[in-house]
Amino acid sequence: MTPSDEGVSKPVLERSLSVTKLPSDAELAKMFHLGVSDALLAEQYGVTVQAVNKRFVNMGLRKKPTAVRVNELVKSIWDVKTSRSGPSHHNAYVLKNLKVYMRVQLGDTVSQTQQREADWLIGRLLRDNTVIDYAPETEDGWLYVPREPSDGRRIIRWPAGKELPGGELQKAMEFPPDESAE
């Protein structure tokens with residue numbers, strides 16, 4: 001084998017090994033829908049993030065932009081009041097900062113101003129030992145309520161009867177790992 005042959009065959013060999021290291025399409029699809037990050041899957045199965053992403057693309061699964069994923073998550077948690085005539089809660093300062101914080105937790109890039117506002121939100125929650133809750137019947141809609149043990153590390157009060165998402169989506173709703181939420 002010539003040196004140029006070695007350079008060609010090695011990447012091909014690595015690609016084929018990467019495919020075999022990953023679990024079945026069905027198992028990968030399940031993890032995709034649970035919100036497990038490409039980086040975590042790559043680390044778990046000893047492959048590159050690109051290998052995981054390529055496999056998802058080949059399976060027809062594409063990740064949505066982070067802002068869209070966060071908006072969909074918020075919609076799945078709360079039926080946020082929107083109205084052109086009367087009180088509306090979808091543009092509230094608290095909700096905007098919550099969404100920015102969640103985007104950052106999911107690895108999205110935000111402006112310095114958005115980062116400061118998200119940091120302010122977390123600082124307030126930690127300082128006051130509160131979480132965010134949504135009360136559509138109130139004028140403001142968004143409330144800071146005292147933390148309870150059932151809140152765990154979440155920065156929001158999880159509504160009863162709603163199933164928690166898994167993986168990175170759940171972590172996006174938690175205090176940063178280096179911050180105390182107790």
Side-chain angles (χ1 to χ4, degrees), residues 27-44 49 52 56 61-83 87-182:
E27 187 65 23
L28 266 182
K30 179 179 176 183
M31 289 186 256
F32 176 89
H33 293 296
L34 287 173
V36 179
S37 73
D38 294 2
L40 182 61
L41 289 169
E43 181 181 325
Q44 183 176 350
V49 173
V52 174
F56 282 145
L61 299 173
R62 297 187 187 267
K63 297 242 181 198
K64 296 176 181 175
T66 306
V68 172
R69 292 175 64 209
V70 167
N71 285 335
E72 288 178 352
L73 177 60
V74 167
K75 286 178 187 175
S76 75
I77 301 169
W78 300 294
D79 183 17
V80 179
K81 194 182 209 180
T82 59
S83 172
S88 178
H89 302 146
H90 76 284
N91 275 332
Y93 184 70
V94 174
L95 180 58
K96 286 181 179 181
N97 290 339
L98 173 63
K99 288 179 178 182
V100 168
Y101 174 78
M102 292 168 64
R103 286 177 48 205
V104 169
Q105 291 300 99
L106 291 170
D108 203 3
T109 303
V110 298
S111 72
Q112 286 181 340
T113 300
Q114 289 173 313
Q115 183 65 59
R116 273 194 308 273
E117 290 173 346
D119 291 344
W120 175 86
L121 174 68
I122 294 304
R124 176 180 177 162
L125 294 174
L126 287 168
R127 181 192 71 223
D128 298 345
N129 198 30
T130 56
V131 295
I132 297 167
D133 197 7
Y134 181 58
E137 69 283 356
T138 65
E139 185 176 337
D140 294 333
W142 300 98
L143 309 171
Y144 296 99
V145 297
R147 292 189 64 69
E148 296 178 354
S150 60
D151 295 322
R153 294 197 48 77
R154 284 186 301 278
I155 61 173
I156 63 172
R157 173 69 38 83
W158 193 258
K162 296 268 184 171
E163 188 174 336
L164 275 167
E168 66 182 2
L169 291 178
Q170 185 168 342
K171 289 185 180 179
M173 297 181 287
E174 295 178 350
F175 284 99
D178 58 337
E179 299 292 338
S180 173
E182 278 41 86

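Predicted, not measured: the structure shown is a model, and the values here were computed from it.
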Would you list the atom pairs, donor with acceptor, under 3.5 Å between side chains in residues 116-124 and any protein atom, with sequence neighbours excluded?
residue : atom : partner : partner atom : Å
R116    : NH2  : T113    : OG1          : 3.2
D119    : OD1  : Q115    : NE2          : 2.8

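Put simply, the side chain of M173 reaches to within 4.5 Å of the side chain of L73, judged on heavy atoms. Inter-residue side-chain proximity for V104 and Q114 is flagged as unmet; no heavy-atom pair is nearer than 4.5 Å.
Salt-bridge formation is detected for the pair R69/E168: a Lys NZ or Arg NE/NH1/NH2 atom is positioned less than 4.0 Å from an Asp or Glu carboxylate oxygen.
Note: L169 CG to L164 CG = 11.0 Å, rounded to the nearest 0.5 Å.
Other residues, nucleotides and ligands contribute more than 12 heavy atoms inside 6.0 Å of the CD atom of Q44.
Judged by distance alone, with hydrogens and angles left aside, the side-chain atoms of R154 form no donor-acceptor pair with the main-chain N or O of F175 at under 3.5 Å. Of the possible donor and acceptor atoms, none in the side chain of H89 sits under 3.5 Å from a partner among the backbone N and O of L95.
Contact between L143 and A135 at its shortest, heavy atoms only, is CD1-CB, 3.7 Å.
Listed by first and then second residue, the side-chain hydrogen bond (donor to acceptor under 3.5 Å, both in side chains) pairs involving residues 155-164 are D151-R157 (not counting sequence neighbours). Each salt bridge (charged side-chain N to carboxylate O under 4.0 Å, His left out) pair with one or both residues in residues 90-106, not counting sequence neighbours, appears once here: R103-D108.
Ring planes of Y134 and W142: tilted class, angle from 30 to 60°.
Taking T109 as the reference, nothing meets the side chain to side chain donor-acceptor pair (under 3.5 Å) condition, with sequence neighbours excluded. In this structure Q170 satisfies the side chain to side chain donor-acceptor pair (under 3.5 Å) test with no other residue, sequence neighbours excluded. Partners of Q105 according to the side chain to side chain donor-acceptor pair (under 3.5 Å) rule, which considers only residues two or more places apart in sequence or in another chain, are Y101.
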